[in-house]
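Step one of this worksheet: look at the structure below.
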Protein chains: 2
Amino acid sequence: MSQSDTVERILDAAEILFAQKGFAETSLRAITSKARVNLAAVNYHFGSKEALIQAVFERYLTPFCLALDAKLQELEQAGGVDLEKLFGLASRLALGSHGDETRRAIIFFRLAGQAYSQPQDHLRAYLREHYGAVFRRFLALLHAAVPEVPSLELFLRVHFCLGAVIFTLSGMESLQTISKKDFNTDITAARITQQLLPFVVGGIRG
Amino acid sequence: MSQSDTVERILDAAEILFAQKGFAETSLRAITSKARVNLAAVNYHFGSKEALIQAVFERYLTPFCLALDAKLQELEQAGGVDLEKLFGLASRLALGSHGDETRRAIIFFRLAGQAYSQPQDHLRAYLREHYGAVFRRFLALLHAAVPEVPSLELFLRVHFCLGAVIFTLSGMESLQTISKKDFNTDITAARITQQLLPFVVGGIRG
DNA sequence: GTATCGGCCAAACGTATGTTTAAAACGCTT
DNA sequence: AAGCGTTTTAAACATACGTTTGGCCGATAC
């Protein structure tokens, strides 16, 4: 019986380190050291580094997608779909409500950025297989909200927005550094994400 | 006197491999093997792997930024600044005119995506130092084109757009694969970039 | 009390990496 | 053709990595 929380500690450490440094640059030794756990624990509990990467994504994504799917189903049955509502919902669900949730969400977005730029084919296939359905349901609702946009264009624009969001949240503190240097202004993370929403909505509408 | 083209061959191979697999996942052996060059050649000509990465960026970015800077200076003196013109110019300059240029541009955008997601601090500092001036000049012209947008917001929106562009061009063939699977449609790279321009212009305007 | 089993640990294994070395090959000048 | 600085080469080097091993601990079941 797993009495201890070794698995969780590994996942916590891996989530943070992967997001900070990328998958290849993060060694198992760095992870197990941060988690204060024996090196062999990763291979014992997860089997391999690849499996650990998948597990990190699964722990975050599964609850999120379940919640999103439920909300989307509600919207479907309610009938009325509104663009701002739809993205507001996704945004609130993805970024969380209180500070801690948001902090972790940003970590996860950076993780997503890593997964995107590095050709982790196993991961991409895994994500597509497990969470593709929710994405398609979201796309369908979006199509209902802006029927004037052809679905292929809509698909592209959603990816444009995804890029803006992931890119922005991944490089959050770079943005903050630059804005301090070039504009002498401290800009909060909340302010940035706040600006993001109208940009996304506008971009989808075209 | 360097009679041979060892250096260029290394840069060519490195550019492609780094873009495909990322910096850490690309070994010097893979690079020198693809370039049909001895392993030690990298350290001999560049000094280190880090220096090679910088050299790859410099070879591409320096001519591009010089050209862009010249064009921007023309625009400044001509006085009239138009949003579509400005981004059209940047787009034409960045993506090139004929097929080969465009292919290489896309490779470079993927490279930029890699650089962004991985905390290559040495690279980010280097880019900022060498090419920051052009970026600020571009931003100033942009501000003149849409004076109604506060400059800090403008700065953020430009980064949103940058994210959309880099993300999109980095994952180009992923997009093509998905669009074929989910929409049964072959979508050309030209079509995607074409859709990108109005999205960007709209996003900046807000 | 002892057998059993899942979890944990230190240590080692094999491999791949970036880098260095010292000698060989080359190209140019004289 | 001899000399010399530059480039190329094969080999080795040190290190870091993911993974595997075999024994040890502690709780549960009999």
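Chain letters run A, B, ... following the sequence lines, proteins first, then strands; residues in each count from 1.
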Ionic contact status for B:R9 with B:D12, cut-off 4.0 Å
no

Do B:F108 and B:F57 have ring centres separated by under 6.0 Å?
yes

A:F167 and A:Y116: aromatic ring centres closer than 6.0 Å?
no

With respect to the side chain of B:R29, which nucleotide from D:dT19, D:dT6, D:dA12 is positioned closest?
D:dA12

Checking D:dT8, D:dG18, C:dT20 against the side chain of B:H45 (C-beta onward), the nearest is D:dT8

Spacing between [X] atom [atom1] and [N] atom [atom2], to the nearest angstrom:
{"X": "A:F46", "N": "D:dT20", "atom1": "CZ", "atom2": "C1'", "result": "18 Å"}
{"X": "A:I10", "N": "C:dC9", "atom1": "CD1", "atom2": "P", "result": "10 Å"}
{"X": "B:Y44", "N": "C:dT19", "atom1": "OH", "atom2": "P", "result": "17 Å"}
{"X": "A:R9", "N": "C:dC8", "atom1": "CZ", "atom2": "C1'", "result": "12 Å"}
{"X": "A:E25", "N": "C:dT17", "atom1": "CD", "atom2": "C1'", "result": "13 Å"}
{"X": "B:L28", "N": "C:dT20", "atom1": "CG", "atom2": "P", "result": "11 Å"}

Which is it for B:R205 and B:E84 under the salt bridge (charged side-chain N to carboxylate O under 4.0 Å, His left out) test, yes or no, and what are the steps along the way?
CA-CA 11 Å; B:R205 281 228 174 76; B:E84 273 86 3; 3.5 Å; yes

Residues from residues 32-41 of chain A lying under 4.0 Å of DNA chain C - heavy atoms:
A:N38, A:A40

Do any pairs count as a salt bridge (Lys or Arg N to Asp or Glu O under 4.0 Å) and have a residue in residues 149-164 of chain A, sequence neighbours left out, and if so which ones?
A:E153-A:R157

Taking only side-chain N and O atoms of [X], does any of them lie within less than 4.0 angstrom of OP1 or OP2 on [N]?
{"X": "A:T6", "N": "C:dG7", "answer": "no"}
{"X": "A:S27", "N": "D:dC17", "answer": "yes"}
{"X": "A:N43", "N": "D:dG18", "answer": "no"}

Sort and list the pairs that fulfil side chain to side chain donor-acceptor pair (under 3.5 Å) and have at least one residue in residues 186-199 of chain B, not counting sequence neighbours.
B:K180-B:D186

So, the side chain of A:T32 versus the backbone of A:R29: is there a donor-acceptor pair under 3.5 Å, distance only?
yes

